[in-house]
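A quick write-up on the structure given underneath.
Naming convention: chains lettered A, B, ... in sequence-line order (proteins, then strands); numbering from 1 in each chain. Computed from a prediction, not measured in an experiment: that's the story for all the values here.
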2 protein chains.
Amino acid sequence: MSDPSNIIKQIIGKTLKAIRLKQGLSQEDLAHECDVDRSYISMIEVGRNEPSVTKIFELCKGLKIKPSDFFKLVEGEYEKARKNG
Amino acid sequence: MSDPSNIIKQIIGKTLKAIRLKQGLSQEDLAHECDVDRSYISMIEVGRNEPSVTKIFELCKGLKIKPSDFFKLVEGEYEKARKNG
DNA sequence: CTGTAGACTTTAGTCGACG
DNA sequence: ACGTCGACTAAAGTCTACA
């Protein structure tokens, strides 16, 4: 069906990982901060699962960033991907 | 525990409906624009289902708004809800 | 035009354990 | 410190049809 499903999943994972690394956090650290499973964070970052908006809000809380800023980054990457193919 | 799951679900639905109505669109119109089922849009607006980020991007495309703007509205309502309880 | 109800398939999300 | 596999429960998402 609509293929953007995979694109966004990948971008979310990539974005999450970039922010986490920039803050010098391990997946375990973040998992503990947000009270979510570490293996689940791994799945998100790898692009295997697409987290719900609720989960993203929790993740952002752990990362101390605003969800709207996170989604702005995602949107930026999405537009970039759509331009290039 | 505080059930943020439900809160965000409700806010997304409420936000989607507000934007849709402001544009004078019916659920059917929007469903046709985005190529998603009409009954599913109803479920979202009523707060029964929480749409994935991918779905929200599709919905925003049909509404001709930027996803980041949508999430900004959601975040605003979320903060408001957290302040009041 | 909208909400809801089945019935159904796919995916998210949790958890323990292993390389 | 990270990825993944397996198994499970819950929820997303599709579609038809009725009030």
Side-chain angles (χ1 to χ4, degrees), chain A residues 1-64 67 70-71 74 77-78, chain B residues 1-64 67 70-71 74 77-78:
Chain A
M1 316 276 186
S2 37
D3 54 352
S5 343
N6 249 339
I7 301 173
I8 292 185
K9 209 184 288 194
Q10 302 287 336
I11 293 174
I12 289 175
K14 189 178 143 198
T15 305
L16 173 63
K17 185 169 190 174
I19 297 173
R20 176 177 64 80
L21 290 180
K22 192 150 66 176
Q23 302 198 2
L25 294 171
S26 67
Q27 289 181 351
E28 221 163 12
D29 293 333
L30 183 55
H32 190 258
E33 280 291 332
C34 317
D35 206 33
V36 303
D37 202 68
R38 182 198 61 80
S39 69
Y40 179 52
I41 294 182
S42 175
M43 283 180 173
I44 296 170
E45 290 192 353
V46 157
R48 225 179 124 82
N49 279 33
E50 180 183 337
S52 64
V53 177
T54 296
K55 284 288 171 228
I56 292 177
F57 268 62
E58 291 178 13
L59 260 5
C60 285
K61 192 174 166 190
L63 289 169
K64 275 136 189 150
F70 181 84
F71 286 114
V74 172
E77 290 299 318
Y78 180 69
Chain B
M1 342 224 184
S2 44
D3 45 358
S5 352
N6 251 340
I7 300 175
I8 291 185
K9 208 184 288 192
Q10 302 285 337
I11 293 175
I12 290 175
K14 189 179 144 197
T15 304
L16 174 62
K17 185 170 190 174
I19 297 173
R20 176 178 64 79
L21 291 179
K22 192 150 68 175
Q23 301 197 2
L25 294 172
S26 67
Q27 289 182 351
E28 222 163 12
D29 293 333
L30 182 56
H32 189 258
E33 281 290 333
C34 317
D35 205 34
V36 303
D37 202 68
R38 181 197 63 79
S39 70
Y40 180 53
I41 293 182
S42 175
M43 283 181 173
I44 296 170
E45 291 192 352
V46 157
R48 220 181 124 87
N49 278 34
E50 180 183 336
S52 64
V53 177
T54 296
K55 284 288 172 231
I56 292 177
F57 268 62
E58 291 177 14
L59 260 4
C60 286
K61 193 175 165 190
L63 289 169
K64 275 135 190 151
F70 180 84
F71 286 114
V74 172
E77 290 299 319
Y78 180 69

Rounded distance in Å - CD1 (A/Ile8) to P (D/dA12) = 17 Å
What integer distance in Å separates B/Glu58:CD from D/dT14:P?
-> 8 Å
Looking only at side-chain atoms of A/Glu50, point me to the closest of D/dC2, C/dT4, C/dA12.
-> C/dA12
With a 4.0 Å cut-off, would you call A/Lys55 and A/Glu58 a salt bridge?
-> yes
Is a side-chain donor-acceptor pair under 3.5 Å present for B/Glu50 with A/Thr54?
-> yes
Figure out the CG/P separation between A/Leu16 and D/dG3, and round it to whole Å.
-> 11 Å
Please check the phosphate of C/dT2 (OP1 and OP2 only) for any side-chain N or O of B/Arg20 closer than 4.0 Å.
-> yes
Report the distance from atom CD1 of B/Ile41 to atom C1' of D/dA12, rounded to the nearest whole Å.
-> 15 Å
Rounded interatomic separation in angstrom, taking NZ from B/Lys55 and C1' from C/dT11 | 12 Å
May I ask you to verify if any side-chain N or O of A/Lys9 is less than 4.0 angstrom from the OP1 or OP2 atom of C/dA12?
-> yes
For the side chain of A/Gln27, starting at C-beta, report the closest nucleotide among C/dG16, C/dT4, D/dC2.
-> D/dC2
Is a salt bridge present between A/Glu45 and A/Lys14, judged by a nitrogen-to-oxygen distance below 4.0 Å?
-> no
Which part of the nucleic acid does B/Ser42 contact within heavy-atom distance under 4.0 Å: base, sugar-phosphate only, or nothing?
-> base
Measure from the side chain of B/Ser26, starting at C-beta and using heavy atoms only, and say which of C/dT14, C/dC1, D/dG3 lies closest.
-> C/dC1
Can you tell me the distance, in whole Å, between the CD1 atom of B/Ile44 and the P atom of C/dT2?
-> 14 Å
Mind checking B/Arg38 for me? I need base, sugar-phosphate or nothing, with any heavy atom below 4.0 Å counting as a touch.
-> base
Where the side chain of A/Ser52 is concerned, which of C/dG3, D/dG13, C/dG13 is the nearest nucleotide?
-> C/dG13
Rounded off to whole Å, could you give me the CG-to-P distance for the A/Leu25 and D/dA1 pair?
-> 11 Å
Residue mapping more 5' on DNA chain D - nearest nucleotide basis, B/Met43 or A/Asp29 = A/Asp29
Consider the side chain of A/Val46, meaning its heavy atoms from C-beta on, and name the nucleotide among D/dT4, D/dG13, D/dA12 that approaches it most closely.
-> D/dT4
Quickly work out the B/Asp37 CG to C/dT9 P distance and round it to whole Å.
-> 17 Å
Please determine which of A/Val36, A/Asn49, A/Val46 meets the side-chain contact (heavy atoms from CB on, under 4.5 Å) test together with A/Ile41.
-> A/Val36
Between the side chain of B/Arg20 and the main-chain N/O of B/Leu25, is any donor-acceptor distance below 3.5 Å?
-> yes
Between CG of A/Leu30 and CG of A/Asp35, what distance do you get to the nearest 0.5 Å?
-> 11.5 Å
Any idea which of D/dT14, D/dA1, C/dG3 is nearest the B/Tyr40 side chain?
-> D/dT14
Proximal nucleotide (of D/dG3, C/dA12, C/dG13) relative to the A/Pro51 side chain = C/dG13
From D/dA12, D/dC2, C/dT4, pick the nucleotide closest to the side chain of B/Asn49?
-> D/dA12
